[in-house]
Protein chains: 2
Amino acid sequence: MGLTKTKEFTKTQNEIAAMAKALAHPARIAILQFLAKQKSCVCGDIVEELPLAQSTVSQHLKELKSVGLIKGEIEGPAVCYCIDLKALSKIKSIFGELFIEVEQNTCC
Amino acid sequence: MGLTKTKEFTKTQNEIAAMAKALAHPARIAILQFLAKQKSCVCGDIVEELPLAQSTVSQHLKELKSVGLIKGEIEGPAVCYCIDLKALSKIKSIFGELFIEVEQNTCC
DNA sequence: AACCTTTATCGTATTTTTACGATTAATAGA
DNA sequence: TCTATTAATCGTAAAAATACGATAAAGGTT
């Protein structure tokens with residue numbers, strides 16, 4: 001079916017999966033790294049940096065925005081995308097908790 | 001196209017994305033959590049625990065195995081899946097480095 | 001107002017993912 | 001050997017993800 005049975009899983013499980021999904025494409029990792037490198041608010045230079053069409057990059061930005069990882073601010077005709085440090089620390093703790101939990105496994 | 005332009009991105013970017021993709025489904029998070037909870041090597045009880053068909057669970061296990069997160073050991077007619085703590089610590093460091101890198105962003 | 005720049009959205013094609021039932025393979029036990 | 005159990009694989013259908021070009025929207029500039 002290709003349709004994930006979201007309702008059959010816990011809120012936390014879906015949340016972790018959604019965060020992971022946002023990071024599950026090299027282009028989105030590249031976008032985050034590019035934004036991090038810049039010491040200022042950067043905009044559509046992302047498109048030039050990536051080997052993808054403008055509309056495709058826009059889609060990737062939308063996905064990062066949908067999980068709150070980045071914020072877009074309109075600056076004249078352009079849009080400035082920035083990493084949301086609050087969302088980032090939330091992701092960090094969510095993954096951190098998962099890893100600690102999973103690490104409890106003692107078998108093998 | 002639905003076909004990720006893997007070759008256009010760095011090895012690290014693809015690696016992070018691949019790891020994230022393995023975690024990008026609630027069923028796979030549930031599997032990892034279930035394996036962690038058990039203090040022993042657990043096998044096909046996973047199927048009973050999850051709201052999915054046996055073949056579907058098998059597919060998810062395959063994906064977790066493909067990134068090395070779990071290992072399968074044959075135990076009689078059954079198979080015992082365990083978390084690979086070495087792979088887990090690698091994932092931890094990969095995500096950790098990404099988060100630290102991204103955290104450098106000072107804009108906004 | 002007309003125009004240019006920048007970005008989002010729409011429409012579409014292709015690939016991948018998710019999911020299931022059915023079948024196969026492999027092992028244990030009667 | 002025959003049978004039951006367990007898990008992987010195959011075939012298939014439906015949905016989501018990826019990608020692009022074209023178009024629209026929104027903001028400056030002349």
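All figures in this text were calculated on a predicted structure; none of them were measured in a lab. Each chain gets a letter, A, B and so on, in the order the sequences are listed, and its residues count up from 1.
- No hydrogens or angles were tested; on distance alone, a donor-acceptor pair under 3.5 Å links the side chain of B:Q59 to the base of C:dA19.
- Heavy-atom nearest nucleotides on DNA chain C were determined for A:F9 and for B:P77, and the one closer to the 5' end corresponds to A:F9.
- Look at CG on B:L23: it is 12 Å from P on C:dT18, rounded to the nearest Å.
- Between B:K62 atom NZ and C:dT16 atom C1' the separation is 14 Å, expressed in whole Å.
- A salt bridge is absent between B:K92 and B:E97; no separation between the charged side-chain nitrogens and carboxylate oxygens falls under 4.0 Å.
- For D:dC20, one of the phosphate oxygens OP1 or OP2 lies less than 4.0 angstrom from a side-chain nitrogen or oxygen of A:T56.
- Contact check for B:R28 versus B:L23: no side-chain heavy atoms found under the 4.5 Å cut-off.
- Under the 4.5 Å side-chain contact rule for hydrophobic residues, A:L35 and A:I74 share a cluster.
- Going from atom CG of A:L50 over to atom C1' of D:dC20 covers 15 Å, rounded to whole Å.
- For C:dT14, neither phosphate oxygen OP1 nor OP2 lies less than 4.0 angstrom from any side-chain nitrogen or oxygen of B:K5.
- Contact check, B:S55 against C:dG21: no side-chain N or O comes under 4.0 Å of OP1 or OP2.
- Distance check: A:K5 NZ to B:H25 NE2 gives 10.0 Å after rounding to the nearest 0.5 Å.
- To the nearest angstrom, P of C:dT9 lies 11 Å from CG of A:L61.
- Atom CZ of B:R28 and atom P of C:dA19 are 9 Å apart (whole Å).
- Between B:K7 atom NZ and D:dT18 atom C1' there is a gap of 17 Å when expressed in whole angstrom units.
- Dashed line: the shortest gap from a side-chain N or O of A:K21 to OP1 or OP2 of D:dA17 is under 4.0 Å.
- Listed candidates were D:dC20, D:dA8, C:dT9. Nearest to the side chain of A:L52 is D:dC20.
- B:I74 comes within 4.0 angstrom of nothing in the nucleic acid, heavy atoms only.
- Heavy-atom distances to DNA chain C give each of A:T6 and A:V79 a nearest nucleotide, and the one nearer the 5′ end belongs to A:V79.
- The distance from the CG atom of B:N14 to the CD1 atom of A:I29 is 10.0 Å, given to the nearest 0.5 Å.
- Counting any heavy atom pair closer than 4.0 Å across all strands shown, B:E63 reaches sugar-phosphate atoms only and no base atom.
- A:H60 has no side-chain polar atom (N or O) that falls below the 4.0 Å cut-off from OP1 or OP2 of D:dA17.
- Taking atom CD of A:Q54 as the reference point, atom C1' of C:dT5 lies 11 Å away to the nearest angstrom.
- Comparing D:dT18, D:dC20, D:dA15 by their closest approach to the side chain of A:L3 singles out D:dA15.
- Summarising the geometry, the separation between CG on B:L64 and P on D:dA8 is reported as 12 Å, rounded to the nearest angstrom.
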